[in-house]
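These notes concern the structure reproduced below.
Note on naming: letters A, B, ... go to the chains in the order of the sequence lines (proteins, then strands), and numbering restarts at 1 for each one. Just so you know, these numbers come straight off a predicted model, no measurement behind them.
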Amino acid sequence: VNKPAEQSSRPESAPDDIVRRVQEIDPTATREAIDRFFAEMAEATAAVHTIDSRGTVMSPSFTADWREDATE
Amino acid sequence: MSDARASGLLELGIREIGAGLRRGDHSPLDVTRAALARIEATEISINAWVLVDETSALAAAAHAETELLAGDDRGPLHGIPVGVKDIFDVAGWPTRCGSASRADALPARADAWAVSKLRQAGAIFLGKTVTQEFAAGVISAPARNPWDPDRVPGGSSGGSAAAVAVGACLAALGSDTGGSIRIPAAACGVCGFKPLFGQLDVTGVYPLSWSLDTIGPIARTVDDTWLAWRALVAVPERTVELDDLRDVRVGLPRTFFLDWVQPEIAMATETAVTLLEQRGATVIETPWLEAAAARALAFIINRVETAAVHERVALDEPERFAGYGTELRLRIAAGREIPATAYVAALRARETVRDAMASLFAMHQLDALLTPALPTTAVLASSPTIEETGREESIGAAWTRLTMPFNATGQPVLSLPCALDRRNLPIGMQLAGSPGTEQKLFRIGAALEEAVGWRTVRPPLLTLPNGAPERVPR
């Protein structure tokens with residue numbers, strides 16, 4: 001059932017100025033941990049962009065029941 | 001009442017205990033004393049509670065007894081002992097949120113909305129349960145899993161799930177922003193319900209990510225969960241009937257939800273499909289193409305809003321911020337650096353994802369989607385790593401992978417145990433429904449629970465000798 005092994009996060013480095021600002025607030029944060037955070041974020045952002053490009057927004061009336069909950 | 005008989009009370013469901021209360025077979029004091037004794041007997045192994053208030057629990061039980069004797073019946077939860085995750089305010093108790101930074105928190109002045117609803121329903125609050133720090137994570141240390149105390153109970157409502165699993169309370173309140181009700185429910189072999197986003201008032205609950213935060217009940221059976229949820233939403237009393245499922249259509253999105261899971265979990269999912277079909281349900285393959293994006297957008301919203309919630313402490317109270325755990329400090333400090341455009345894109349994509357889910361339900365006339373709740377069973381606390389899924393990822397990423405997509409859509413989701421793996425650890429399934437059809441969701445869940453034969457399955461911890469372990473210091 002399982003697919004071949006996949007690595008979920010790409011090795012990407014966070015820019016130095018971001019690392020500096022993060023460490024100003026959390027001096028214990030390591031470069032490695034910050035890189036890992038931003039690698040996960042980059043992967044998530046890329047996944048969200050697949051939605052942007054699909055353009056599959058439905059008619060608002062079609063999903064009215066699903067929107068009643070929205071409080072944002 | 002003898003100790004053995006009192007302990008046996010806790011093996012009953014809420015409905016059965018309630019029937020006994022009204023017949024006079026036992027009293028709320030009997031049930032509450034039994035629950036307190038169960039806490040005493042199990043706490044040394046599972047560390048599920050951060051606060052137990054025997055005095056107030058016994059006083060509330062005595063009051064419930066007086067009311068029931070006078071015929072003042074508040075409903076199914078009247079006289080039933082419950083727990084509450086330590087991010088909910090309970091008047092008179094501190095809300096420490098599992099964080100050393102809040103060790104000096106003063107007692108809350110008022111109950112959270114959900115606590116007041118259960119109190120109005122006559123529930124007896126025993127105390128507060130362990131949460132991952134500020135509900136941000138899936139480990140819930142120092143709580144442990146009743147099926148194997150060397151393993152984590154899941155999180156962030158880990159104490160609530162572990163306490164329910166051993167019968168130390170009949171229901172408990174939890175919160176679910178990325179899966180924090182369903183994840184520990186699955187890991188501990190109990191049920192959990194994440195209601196429709198926005199349906200329940202979160203006033204008095206410490207926020208994690210306000211666009212995703214949901215609160216709901218954890219209980220041992222589908223029916224107990226239904227009764228606890230009913231007390232929160234005040235829907236009319238109806239038994240969750242166990243008739244056949246010939247009018248039910250269930251979708252199975254194999255892609256994404258079965259791609260990287262422990263093989264036994266994939267097998268348990270197929271077994272659940274077979275059991276539902278044997279009950280008359282129609283189960284159809286329904287790919288959900290946006291599932292990965294749904295998970296991703298909820299992840300981004302969660303990280304940005306968590307940073308916003310804690311930003312003032314991080315910037316203005318460095319000494320207090322130093323009391324936060326390492327992982328959460330990083331999440332907050334780094335979360336501030338996520339671009340606003342990424343957050344706004346995630347919010348916009350959420351609308352599309354929600355539309356796509358509504359479309360999927362409409363197109364296939366679905367009543368529910370069936371998926372595993374977790375890609376693995378409970379992991380070791382000493383080395384919480386993910387194995388046997390064919391994918392290299394952190395436990396935090398792996399254990400929210402199958403739950404978080406439904407926080408993006410906001411739809412109601414019921415989690416229930418369906419099997420044990422070869423290590424005797426529970427496997428949980430999710431049934432994701434559509435707004436307004438919660439009763440049908442519980443009906444499907446109850447039928448599956450009965451088909452699996454789970455109602456009498458208990459963690460091995462309960463077979464340990466009933467000694468008198470020393471009280472865990474608080």
Side-chain angles (χ1 to χ4, degrees), chain A residues 1-11 14-72, chain B residues 196-199 210-211 258-261 263 266-267 289-290 292-297 299-300 303 314-315 318 321 326 329-339 342 345-349 351-359 362 388-394 397 409-411 434-436:
Chain A
V1 175
N2 289 348
K3 292 186 172 180
E6 173 176 292
Q7 194 140 359
S8 64
S9 55
R10 296 182 297 272
D16 289 344
D17 59 331
I18 285 183
V19 173
R20 181 179 48 75
R21 287 199 297 269
V22 170
Q23 290 177 332
E24 276 175 9
I25 292 174
D26 178 14
T28 65
T30 63
R31 172 95 211 196
E32 183 188 15
I34 296 169
D35 283 349
R36 203 162 47 238
F37 181 93
F38 283 97
E40 278 191 323
M41 201 50 59
E43 186 179 55
T45 302
V48 169
H49 285 163
T50 66
I51 288 289
D52 282 354
S53 63
R54 290 167 61 88
T56 53
V57 177
M58 309 296 290
S59 156
S61 60
F62 178 75
T63 58
D65 288 348
W66 293 74
R67 290 174 182 280
E68 282 173 356
D69 57 308
T71 57
E72 316 84 319
Chain B
L196 175 69
F197 173 74
Q199 186 170 21
W210 60 85
S211 298
L258 291 179
D259 280 347
W260 300 287
V261 301
M267 286 167 53
L289 302 178
E290 295 81 6
R295 197 264 170 196
L297 73 87
F299 178 75
I300 293 171
R303 293 302 187 265
L315 296 179
F321 191 55
T326 310
R329 276 203 314 271
L330 172 70
R331 191 184 288 194
I332 293 162
R336 296 180 68 248
E337 299 294 334
I338 298 168
L347 289 175
R348 184 174 63 172
E351 299 302 304
T352 306
V353 162
R354 189 151 34 193
D355 290 343
M357 178 56 73
S359 174
E388 299 181 61
T389 66
R391 186 177 166 103
E392 185 183 314
E393 54 189 339
S394 68
T409 62
Q411 66 202 101
S434 59

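Nearest approach of B/Leu330 to A/Ala29, heavy atoms of both residues: CD1-CB, 3.8 Å. Counting all heavy atoms, side chain and backbone alike, B/Ala293 lies closest to A/Ala47 at CB-O, 3.5 Å. Scanning both residues, A/Asp26 and B/Thr326, for their nearest heavy atoms gives OD2-O, 4.3 Å. Closest approach of B/Phe299 and A/Ala44 over heavy atoms only: CD2-CB, 3.7 Å. Heavy atoms only, all atoms of each residue included: A/Ile25 and B/Ala333 are closest at CG2-CB, 3.9 Å.
In this structure, OG1 in A/Thr45 is found 7.5 Å from CD1 in B/Ile338, a value given to the nearest 0.5 Å. Of the inter-residue distances, the one linking A/His49 atom NE2 with B/Leu297 atom CG reads 11.5 Å to the nearest 0.5 angstrom. Residue B/Glu337 holds its CD atom at 7.5 Å from CG of A/Asp17, rounded to the nearest 0.5 Å.
Heavy-atom distances place both the backbone and the side chain of B/Arg331 under 4.5 Å from chain A. Contacts between B/Leu315 and chain A at a heavy-atom distance below 4.5 Å involve the side chain alone, from C-beta outward.
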Apply side chain to side chain contact (heavy atoms under 4.5 Å, CB included) to A/Ile51 and B/Val353, showing your working. CA-CA 8 Å; A/Ile51 288 289; B/Val353 162; 3.9 Å; yes
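Of the listed residues (A/Val19, A/Ile18, A/Val22, A/Thr28), the one with the most heavy-atom contacts under 4.5 Å to chain B is A/Val22.
Looking only at side-chain heavy atoms (C-beta outward), A/Arg36 and B/Ser394 stay at 4.5 Å or farther from each other.
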